[in-house]
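This is the structure I have questions about; it appears just below.
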Amino acid sequence: MIIDCHGHYTTVPAAHQQFRTAQLAALADPVLAPPAPAAIGDDAIRESIEGNQLRILRERGGDLMLFSPRAASMAHHVPDPATARAWAAASNDLVARVVELYPDHFAAVCQLPQTPGGALDDAVAELRRCVAAGFVGCNLNPDPSGGHWASPPLTDPYWFPLYEAMVELDVPAMVHVSASCNPAAHTLGAHYLNADTAAFMQLLAGDLFTRFPTLRFVIPHGGGAVPYHWGRYRGLALRMGRPDPAALLANVFFDTCVYHQPGIDLLTRVIPAENILFASEMLGAVRGTDPDTGAAWDDTKHYLDHADLTEEQRRAIFEDNARRVSPRLDARLRAAGR
């Protein structure tokens with residue numbers, strides 16, 4: 001079985017984005033009443049999925065994708081908690097509809113209603129609501145300010161209420177920022193990768209997993225700069241009197257959203273196979289075909305098929321690790337006889 005642990009609903013029906021536009025307009029103009037989420041029929045959802053993520057998943061030999069709202073649209077920089085609650089709920093409900101229509105091919109991961117410096121009560125409540133509805137994980141934004149990094153590090157007690165709920169519910173988080181509001185940091189080419197790298201360094205510098213030994217994070221996009229600079233992190237850890245970065249690997253995992261063969265080769269040589277989860281983020285940041293190879297940029301299965309891996313390592317990356325990191329996903333698959 002091939003499980004893609006990183007997919008976003010980047011092809012939502014237009015009515016959903018129209019709801020968001022109306023929502024932001026009402027926030028800017030108090031005269032306007034907050035809108036209700038769009039009424040979107042099953043046919044519109046099928047049209048948005050069948051020719052896009054579902055088609056490509058099948059064409060590339062994948063079986064199931066962990067599916068969450070579009071990352072760049074989470075827009076946690078908007079400071080109004082009520083707006084964040086309504087937007088997260090509507091986006092998550094739409095993802096749940098996809099899973100209802102295609103239960104064999106998608107599993108749901110939720111957006112949290114975060115705001116810059118805001119309390120995490122709403123995020124915890126939405127996580128609980130979504131897990132009760134069958135979601136198997138969440139996306140956690142370490143920088144709700146959108147590129148200005150106004151939040152405390154992931155090791156700070158500020159985040160503990162959310163971690164306590166994650167541990168209780170036994171769900172992992174993918175550490176994933178939203179769109180950049182900083183013109184010096186391009187959303188896709190800088191902000192996302194900066195966040196992956198920053199999150200790892202925050203974890204290296206703290207003792208979070210001493211307090212939460214079963215907490216699990218997936219750092220996307222191959223871990224940003226982490227595999228490439230593993231020696232730097234080892235040296236920094238020694239200099240700071242911290243444990244070797246390998247000590248984090250009981251709790252921290254990396255996905256394969258790396259869009260060239262040398263990058264995948266480096267990732268699989270530096271990071272143990274048991275800490276790598278297959279992912280493509282298809283129809284996400286990098287679309288189209290590499291003119292030098294003829295392969296789609298985000299066809300990461302193609303790169304893994306050409307990597308120097310044993311069959312045992314391939315099985316771990318393509319299936320076993322995702323099931324281990326997300327026990328609720330594993331339980332759902334076992335219940336379906338998969």
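The first residue in the sequence is number 1, and the count goes up from there. Predicted, not measured: the structure shown is a model, and the values here were computed from it.
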Do side-chain atoms of Asp298 reach the backbone of Leu283 as a donor and acceptor pair under 3.5 angstrom?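 Between the backbone of Leu283 and the side chain of Asp298 there is a qualifying donor-acceptor contact (under 3.5 Å).
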
Check whether Val98 and Val131 end up in the same hydrophobic cluster, where Ile, Leu, Val, Met, Phe, Trp and Tyr are linked by side-chain heavy atoms less than 4.5 Å apart.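 Result: no, two separate clusters.
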
Parallel, tilted or perpendicular: ring planes of Trp230 versus Phe200, cut at 30 and 60 degrees: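 Because their plane-to-plane angle lies in the 30° to 60° range, the rings of Trp230 and Phe200 count as tilted.
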
Check: Asn92 side chain, Ala88 main-chain N or O, donor-acceptor pair, under 3.5 Å: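 Side chain of Asn92 to backbone of Ala88, a donor-acceptor pair under 3.5 Å: yes, one is there.
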
Compare all side-chain heavy atoms of His105 with those of Met65 and state whether any distance is below 4.5 angstrom.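 Not in contact.
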
Using atom types as modelled and distance alone, determine if a side-chain donor or acceptor of Thr268 lies under 3.5 Å from a backbone N or O of Asp265.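 Checked: pair present.
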
So do Asp196 and Val175 actually touch side chain to side chain, heavy atoms under 4.5 Å?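 Sidechains of Asp196 and Val175: no contact.
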
Whether Arg314 side chain and Leu304 backbone form a donor-acceptor pair below 3.5 Å: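 Side chain of Arg314 to backbone of Leu304: a pair is present.
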
Under 4.0 Å between a Lys/Arg side-chain N and an Asp/Glu carboxylate O for Arg242 and Asp207?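 Salt bridge flag = yes for Asp207 with Arg242.
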
For the side chain of Ser48 and the backbone of Val12, is there at least one donor-acceptor N/O pair under 3.5 Å apart?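 No, the answer is negative, given that no donor and acceptor are paired below the 3.5 Å cut-off.
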
Within 6.0 angstrom of Arg287 CZ, more than 12 heavy atoms from elsewhere: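 More than 12 heavy atoms, drawn from other residues, nucleotides or ligands, come within 6.0 Å of this atom.
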
Side-chain contact test, heavy atoms from C-beta onward, threshold under 4.5 Å: evaluate it for Asp255 versus Ile276 and give yes or no.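 They are not in side-chain contact.
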
If you draw a 6.0 Å radius around CZ in Arg55, do more than 12 non-hydrogen atoms from other residues or ligands fall strictly inside?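 Yes, enclosed.
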
Side chain proximity check, Leu101 to Phe106, heavy atoms < 4.5 angstrom: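 Answer no - side chains too far apart.
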
Enclosure of Glu312 CD (heavy-atom neighbours >12, cutoff 6.0 Å):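 Atom CD in Glu312 is not packed in, count stays at 12 or less.
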
Approximate separation, where rounding is to 0.5 Å, of Leu249 CG and Phe209 CZ: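 Between Leu249 CG and Phe209 CZ, I get 10.0 Å after rounding to 0.5 Å.
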
Which distance, rounded to the nearest 0.5 Å, do you find between the CG of Leu238 and the CG of Asp244?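 Reported to 0.5 Å precision, the distance equals 9.0 Å.
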
Do the rings of His16 and Trp87 sit parallel, tilted or perpendicular, given the 30° and 60° boundaries?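 Because their plane-to-plane angle is under 30°, the rings of His16 and Trp87 count as parallel.
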
Could you check whether Glu59 pairs with Lys301 (Lys NZ or Arg NE/NH1/NH2 to Asp/Glu carboxylate O, under 4.0 Å)?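 Salt bridge flag = no for Lys301 with Glu59.
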
Give me the ring orientation class for Trp149 and His191: parallel if the planes are under 30° apart, tilted from 30 to 60°, perpendicular past 60°.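 Judged by the thresholds at 30° and 60°, the geometry between Trp149 and His191 is perpendicular.
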
With the threshold set at 4.0 Å, does a side-chain nitrogen-carboxylate oxygen contact exist between Asp93 and Arg97?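 Result for this pair is no, no salt bridge flagged.
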
Can you confirm whether Asp308 is buried at CG, in the sense that more than 12 heavy atoms of other residues, nucleotides or ligands lie under 6.0 Å from that atom?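 No.
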
List the steps and the verdict of ring pair (Phe, Tyr, Trp, His ring centres under 6.0 Å) for His148 and His77. CA-CA 10 Å; His148 297 289; His77 64 278; 9.6 Å; no

Nearest 0.5 angstrom please: Tyr102 OH to Ile49 CD1, how far?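 If we round to the nearest 0.5 Å, Tyr102:OH and Ile49:CD1 are 7.0 Å apart.
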
Pair Asn139-His176, side-chain hydrogen bond (donor to acceptor under 3.5 Å, both in side chains): steps then yes or no: CA-CA 6 Å; Asn139 288 337; His176 205 309; over 6 Å; no

Salt bridge check: are Arg85 and Asp80 linked by an N-O gap of less than 4.0 Å?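 Looking at Arg85 and Asp80, the cut-off is not met.
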
Group every Ile, Leu, Val, Met, Phe, Trp and Tyr by side-chain heavy-atom contacts under 4.5 Å, then state whether Leu267 and Met282 land in the same group.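 In one cluster: no.
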
Indicate if Leu154 and Val252 have the same hydrophobic cluster label, given that clusters are the connected sets of ILVMFWY residues with side-chain heavy-atom separations under 4.5 angstrom.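 Yes, because Leu154 and Val252 connect within a single hydrophobic cluster, where side-chain heavy atoms sit under 4.5 Å apart.
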
Backbone of Phe278 reached by a side-chain donor or acceptor of Thr256 within 3.5 Å: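 Answer holds: no.
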
Report yes if some heavy atom in the side chain of Arg70 is under 4.5 Å from a heavy atom in the side chain of Gln111; otherwise report no.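 In short, these two side chains do not touch, never coming nearer than 4.5 Å.
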
Tell me which one of Asp299, Thr300, Asp4 satisfies side-chain hydrogen bond (donor to acceptor under 3.5 Å, both in side chains) with Ser280.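 Result for side-chain hydrogen bond (donor to acceptor under 3.5 Å, both in side chains) with Ser280: Asp4.
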
With a 4.5 Å cut-off on side-chain heavy-atom distances among I, L, V, M, F, W and Y, is there a chain of contacts connecting Leu236 to Val270?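 Cluster IDs for Leu236 and Val270 match.
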
Check the pair Arg20, Gln17 against side-chain hydrogen bond (donor to acceptor under 3.5 Å, both in side chains), reporting the backbone distance first and the verdict last. CA-CA 5 Å; Arg20 178 59 169 175; Gln17 188 56 50; over 6 Å; no

For Ile317, the option from Ile3, Asn275, Leu309 that meets side chain to side chain contact (heavy atoms under 4.5 Å, CB included):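 One option only clears the test, and that one is Leu309.
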
Which class fits the ring pair Tyr9 and Phe67: parallel under 30°, tilted 30 to 60°, perpendicular over 60°?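 Taking Phe67 first and then Tyr9, their aromatic rings sit tilted (interplane angle of 30° to 60°).
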
Residue pair Met174, Val109: steps toward the side-chain contact (heavy atoms from CB on, under 4.5 Å) verdict: CA-CA 9 Å; Met174 177 169 282; Val109 172; 5.9 Å; no

Could you give me the CA-CA distance, side-chain angles and deciding distance for His260 and Val258, then say whether side-chain contact (heavy atoms from CB on, under 4.5 Å) is met? CA-CA 6 Å; His260 66 151; Val258 178; 4.0 Å; yes

Nearest-0.5 Å distance, CG of residue Leu94 to CD1 of residue Ile45: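 Rounded to the nearest 0.5 Å, the CG-CD1 separation comes out at 5.0 Å.
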
Tell me if a side-chain donor or acceptor on Arg332 pairs with a main-chain N or O of Val136 at a distance below 3.5 Å.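 No; judged by distance alone, with no hydrogens or angles, the pair does not exist.
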
Applying the 4.5 Å side-chain criterion to the ILVMFWY set and letting contacts propagate, would Met201 and Phe253 be lumped into a single cluster?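 Different clusters.
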
Just by distance, do the side chain of Arg60 and the backbone of Arg58 share a donor-acceptor pair under 3.5 Å?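 No; judged by distance alone, with no hydrogens or angles, the pair does not exist.
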
Please evaluate residues Asp43 and Arg46 with respect to the criterion side-chain contact (heavy atoms from CB on, under 4.5 Å), reporting the C-alpha separation (whole Å), side-chain torsions for both, the decisive distance (0.1 Å), and the verdict. CA-CA 5 Å; Asp43 287 345; Arg46 291 190 183 97; 3.0 Å; yes

Full working for side-chain hydrogen bond (donor to acceptor under 3.5 Å, both in side chains) between Ser145 and Asp143: CA-CA 5 Å; Ser145 70; Asp143 174 35; 2.5 Å; yes

Is the shortest side-chain heavy-atom distance between His6 and Leu66 below 4.5 Å?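 His6 vs Leu66: side chains apart.
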
Gap separating the OG atom of Ser73 from the NE2 atom of His8, nearest 0.5 angstrom: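 Nearest 0.5 Å value for the OG-NE2 distance: 10.0 Å.
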
Side-chain donor or acceptor of Thr187 paired with backbone N/O of Ser180 under 3.5 Å: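 Answer holds: yes.
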
Phe212, CZ atom: more than 12 neighbouring heavy atoms under 6.0 Å: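 Buried by this count: over 12 neighbours within 6.0 Å.
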
The test is side-chain contact (heavy atoms from CB on, under 4.5 Å); show your working for Phe135 and Leu329 and say whether it passes. CA-CA 8 Å; Phe135 284 59; Leu329 171 65; over 6 Å; no

Aromatic ring pairing Tyr163/Phe160, orientation class (parallel under 30°, perpendicular over 60°, tilted between):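 Tyr163 and Phe160: tilted rings.
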
Is it true that Arg324 and Asp320 have a side-chain N and a carboxylate O under 4.0 angstrom from each other?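 Salt bridge absent between Arg324 and Asp320.
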
Would you say Thr115 and Thr83 make side-chain contact, with heavy atoms under 4.5 Å?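 A side-chain contact is absent here, since even the closest heavy-atom pair is not under 4.5 Å.
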
Measure from the side-chain N and O atoms of His186 to the backbone N and O of Gly189, and report whether any donor-acceptor pair falls under 3.5 Å.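 Flag set: sc His186 to bb Gly189 pair under 3.5 Å.
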
Leu112 side chain reached by Asn141 side chain, heavy atoms, under 4.5 Å: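 Asn141 vs Leu112: side chains apart.
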
Any chance you could measure Leu140, atom CG, to Leu127, atom CG, to the nearest 0.5 Å?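 Here the interatomic distance stands at 10.0 Å.
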
